[in-house]
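For reference, the structure is listed below as structure tokens.
Proteins get letters first, then strands, A, B, ... in listed order; numbering begins at 1 in each. The structure presented is a predicted model; accordingly, all values stated were derived computationally and were not measured.
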Amino acid sequence: MRLVTWNVNSLKARLPRVLELLETVAPDVVCLQETKCAPEAFPEDVLRDAGYAAVHHSGGRWAGVAILARDGLALSESACGLAGEAQPDQARWIEAVVDGVRVASVYVVNGQAVGTEPFAEKLVFLEAMAARAAGLRDGPGETVIAGDFNICPTDRDVYDVQAFAGATHVTEEERARLRAIETAGGLRDAHEVLHPGEQQFTWWDYRQGHFHRGLGLRIDLALVSEGIAAGLERVGIERDFRKGAKPSDHAPLVVQWRGG
DNA sequence: ATGACCGTCTCAGACGGA
């Protein structure tokens, strides 16, 4: 199965690039984040014409997550929201079962700045994810939690550690909670399974030519259960989607494994 | 090319993003 996770930074603005991705990468499952659309504005028809069924959690102008499944794959048991999250109306978590695999698409709270209320809510959100991951571990089948975690797991995932001193995304508080999600769910960072220690970025600031200067972060992750980790064939970043006409500031992360 | 963002909403400028 081939899964893509991508923070599109507005599905409306990114629809041509999303259709390009479906055509060229031909994923079985797609986890989208920051769809930024109202429920009634979600482009279900266009995606259906492209050969994908969709479930989505749409909250209006901010956030929003979705899961797309290629036609022919069973898509069921979709559920929106996370028990215990601080602001359920923000539309940051959706999960479903696709072809027997439990898939979650998540857009973790940004946190704005250390010490602020949004940062406290980010930590609460991560704790709610750990609780859900533990619940999924007890369920049947394999699990993938994919999305924009807004955390750099290690210093290696930051282009310049000094530039992020005292900032969000790199604190031990955030990183410890990410590790707690992995432990609770029996999940592994797919990138670390296939490419341990390799620096790979998934996000580059639109400003100051950061992409072309190689200044990015790895904040988009796919956490996979052991059965998937053991069959991983490819974990890679589609850098071409960070180039060209109207790119997102995130590039899609592709995760492919043997079997369903 | 020695400077450099892009969405959203409401209508020039705020706000969020990371």
Problem - dC6(B) versus dA18(B) - spacing of their C1' atoms, nearest Å - result: 13 Å
Produce the list of close N/O pairs, under 3.5 Å, pairing protein atoms with atoms of nucleotides 16-18 of chain B; give distances to one decimal.
unit_1, atom_1, unit_2, atom_2, d
dA18(B), OP1, Glu34(A), OE2, 3.2
dA18(B), OP1, Asp148(A), OD2, 3.2
dA18(B), OP1, His250(A), NE2, 3.2
dA18(B), OP2, Tyr107(A), OH, 3.1
dA18(B), OP2, Asn110(A), ND2, 3.3
dA18(B), OP2, Asn150(A), OD1, 3.3
dA18(B), OP2, Asn150(A), ND2, 3.1
dA18(B), O5', Asn150(A), OD1, 3.4
dA18(B), N7, Asn110(A), OD1, 3.3
dA18(B), N7, Asn110(A), ND2, 3.0

Handout entry: Nearest-Å distance once atom P is located in both dC15(B) and dC11(B)
Key = 15 Å
Handout entry: Residues Asp28(A) and Arg2(A) bridged, charged N to O under 4.0 Å
Key = no
Handout entry: Atom-to-atom span, NE2 of His212(A) to P of dT2(B) - whole angstrom
Key = 16 Å
Handout entry: ring-ring contact (aromatic ring centres under 6.0 Å, His included) partners of Tyr159(A), counting only residues at least two apart
Key = Phe164(A), His210(A)
Exercise for the section: Give a yes or no on this: more than 12 heavy atoms of other residues, nucleotides or ligands lie within 6.0 Å of atom CD of Glu23(A). Expected result: no
Problem - Earlier contact from the 5' end, DNA chain B, for Gln208(A) and Lys246(A) - result: Gln208(A)
Fill in the blank from the handout: Here the distance between atom C1' of dC6(B) and atom NZ of Lys243(A), to the nearest Å, is 20 Å
Practice task
Check Leu223(A), Asp220(A), Thr202(A) against Phe149(A) for a side-chain contact (heavy atoms from CB on, under 4.5 Å) and give me the one that passes.
Solution key: Leu223(A)
Problem - ILVMFWY cluster, Trp6(A) and Leu11(A) together (side-chain gap under 4.5 Å) - result: yes
Fill in the blank from the handout: Sorted by chain and number, sequence neighbours left out, ring-ring contact (aromatic ring centres under 6.0 Å, His included) with Trp204(A) holds for Phe211(A)
Practice task
Measure the distance from CZ on Arg14(A) to C1' on dT8(B) and round it to the nearest whole Å.
Solution key: 12 Å
